[in-house]
Protein chains: 2
Amino acid sequence: MREKLEKYYSFVFEKELIDEIVQVGVYKKLRENEILVDLGDKMKGIPLLLEGAIKIVREDKNGEEILLYFLERGDTCASSFASAISNGKCGIRATAEKESEIIFLPKEKLDEWMLKYKSWRTFVIESYNIRLNEMMETIDSLAFMNMSERLYKYLTDKAQIMRETSLNTTHQDIAYDMHTSRVVISRLLKQLENEGKIKLHRNKIEILEF
Amino acid sequence: MREKLEKYYSFVFEKELIDEIVQVGVYKKLRENEILVDLGDKMKGIPLLLEGAIKIVREDKNGEEILLYFLERGDTCASSFASAISNGKCGIRATAEKESEIIFLPKEKLDEWMLKYKSWRTFVIESYNIRLNEMMETIDSLAFMNMSERLYKYLTDKAQIMRETSLNTTHQDIAYDMHTSRVVISRLLKQLENEGKIKLHRNKIEILEF
DNA sequence: ATTATTTTGTGATTATCATCACATAATTTA
DNA sequence: TAAATTATGTGATGATAATCACAAAATAAT
């Protein structure tokens with residue numbers, strides 16, 4: 001745990017803070033598709049992502065979903081932070097897109113560290129900042145792009161987060177993330193394939209052009 | 001300035017912090033439609049809203065706009081905060097929807113106060129939290145609602161922020177905010193009027209049902 | 001090996017929204 | 001007051017995406 005923490009966070013946190021994190025943080029390994037945070041959960045702390053990829057989705061009353069963004073190593077969940085600090089509920093669901101490793105930080109420390117470590121303050125603000133920008137990108141996609149453009153962005157973004165050029169996924173899964181129907185996705189994928197940007201297989205999409 | 005600050009912020013900030021704000025804050029009055037922050041601006045501080053209403057919009061490369069959310073008294077601009085702290089650029093435009101009053105806080109104090117005042121830390125985190133939730137609501141609207149529902153939500157939200165039951169606006173202005181065309185808005189407004197939810201006048205929309 | 005299930009492909013139809021073209025009404029300006 | 005400008009109303013048409021219905025292919029289960 002210390003090893004990976006130092007690998008990804010030594011340029012972010014002071015040595016003393018890393019020591020404290022090692023002391024109070026709880027290491028956890030997440031299986032693929034394991035739910036880390038669910039709708040309405042009250043957070044008792046926040047997760048630091050060491051390895052893997054986490055999908056953050058929003059769900060409305062009717063159970064319809066839309067992808068907000070992905071987290072990768074070095075990231076934390078800003079929604080959890082707010083929820084942990086204010087004892088409020090979390091309005092999102094976080095699911096491991098692949099096997100992932102996290103460190104869970106207890107909420108008691110969150111404010112304490114704000115006083116002690118400049119690097120922690122910067123990290124928290126930076127995290128919020130990054131998340132706000134991700135949300136703006138999501139809004140941009142929804143407001144300004146058509147389905148085909150959104151789909152292509154989805155594929156390339158996800159490939160980058162997963163650090164692979166092929167995605168193991170079905171058309172239906174993509175449709176859920178993008179809040180549309182499988183038929184629509186299948187047709188647009190076929191179109192992207194004809195344009196030479198991707199290659200389709202069963203349960204797998206190769207991305208040829210980034 | 002101190003008077004309004006105490007009126008709206010005495011339950012948020014400690015007395016000592018309010019004293020400091022009075023000392024270093026710069027009071028400014030904004031005319032209707034005055035631009036407070038523009039795309040790509042680097043912020044030298046953050047605004048605290050004392051009175052009025054500020055519209056925050058996102059703009060893409062082609063100059064197309066979409067409304068993100070409104071700020072009202074007691075709010076601050078989280079995007080500015082991040083921009084000020086990290087010396088980065090601001091990805092939004094903030095415009096006064098009506099005559100407004102703000103206090104501009106210099107960025108040098110932002111981190112200093114994090115150390116000194118618990119209430120400031122809470123305020124900053126809370127502000128980010130509120131903004132994240134607003135963005136999620138915007139995403140919900142875009143992803144899950146049709147134009148008519150979005151329009152009605154726009155009208156009632158804006159009326160609440162403006163603290164009035166009538167909005168002085170044109171169909172074209174609404175179309176800009178919602179990133180659609182005037183024709184679409186006109187038709188949907190007429191429909192809402194037929195449903196008895198609003199009453200249309202030239203340059204004015206009365207909201208009959210909230 | 002046969003059956004069942006999952007995944008993908010595709011035509012047809014409909015609904016929503018975007019866009020064009022132009023009319024009418026209200027208000028301002030000259 | 002006449003002309004220009006701004007705001008709104010409305011029919012027609014097209015594009016995009018949603019939905020239904022069903023076929024075919026690949027894989028998993030019995």
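Lettering of chains follows the sequences in order, A, B, ..., and the numbering in each one begins at 1.
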May I have the distance from [X] (atom [atom1]) to [N] (atom [atom2]), rounded to whole angstrom?
X: B:Y176; N: D:dT6; atom1: OH; atom2: P; result: 12 Å
X: B:L200; N: C:dA26; atom1: CG; atom2: P; result: 14 Å
X: A:E64; N: D:dA17; atom1: CD; atom2: C1'; result: 15 Å
X: B:H179; N: C:dT16; atom1: NE2; atom2: C1'; result: 16 Å
X: A:L192; N: C:dG9; atom1: CG; atom2: P; result: 12 Å
X: B:M147; N: D:dT16; atom1: CE; atom2: C1'; result: 13 Å
X: B:R187; N: C:dA15; atom1: CZ; atom2: P; result: 17 Å
X: B:L188; N: D:dG9; atom1: CG; atom2: P; result: 12 Å

Please check the phosphate of [N] (OP1 and OP2 only) for any side-chain N or O of [X] closer than 4.0 Å.
X: B:T180; N: C:dA18; result: yes
X: A:K190; N: C:dG9; result: yes
X: B:H171; N: D:dA7; result: no

Just to be sure I understand the rule, does A:T170 reach a base, reach only the sugar-phosphate, or reach nothing, if contact means heavy atoms closer than 4.0 Å? sugar-phosphate

Taking for each residue the nucleotide of DNA chain D with the nearest heavy atom, is it B:S186 or A:N146 whose nucleotide lies nearer the 5' end? B:S186

Tell me which nucleotide among [options] gets nearest to the side chain of [X].
X: A:N203; options: C:dT7, C:dA18, C:dG9; answer: C:dT7
X: B:V183; options: C:dT10, D:dT10, D:dG9; answer: D:dT10
X: B:R202; options: D:dA17, C:dA18, C:dT27; answer: C:dT27

Does B:F70 have B:K158 sitting over its ring (NZ/CZ under 6.0 Å from centre, angle to axis within 45°)? no

Between B:H201 and B:E206, is there a side-chain donor-acceptor contact under 3.5 Å, judged purely by atom types and distance? yes

Is there a side-chain contact between B:L189 and B:S186 (heavy atoms, below 4.5 Å)? no

I'd like to check B:I205 versus B:K199 (side-chain heavy atoms, cut-off strictly below 4.5 Å). Are they in contact? no

For a salt bridge (Lys or Arg N to Asp or Glu O under 4.0 Å) check, start with the C-alpha distance between B:D41 and B:R93, then their side-chain angles and the critical distance, and finish with the verdict. CA-CA 9 Å; B:D41 277 6; B:R93 173 180 300 131; over 6 Å; no

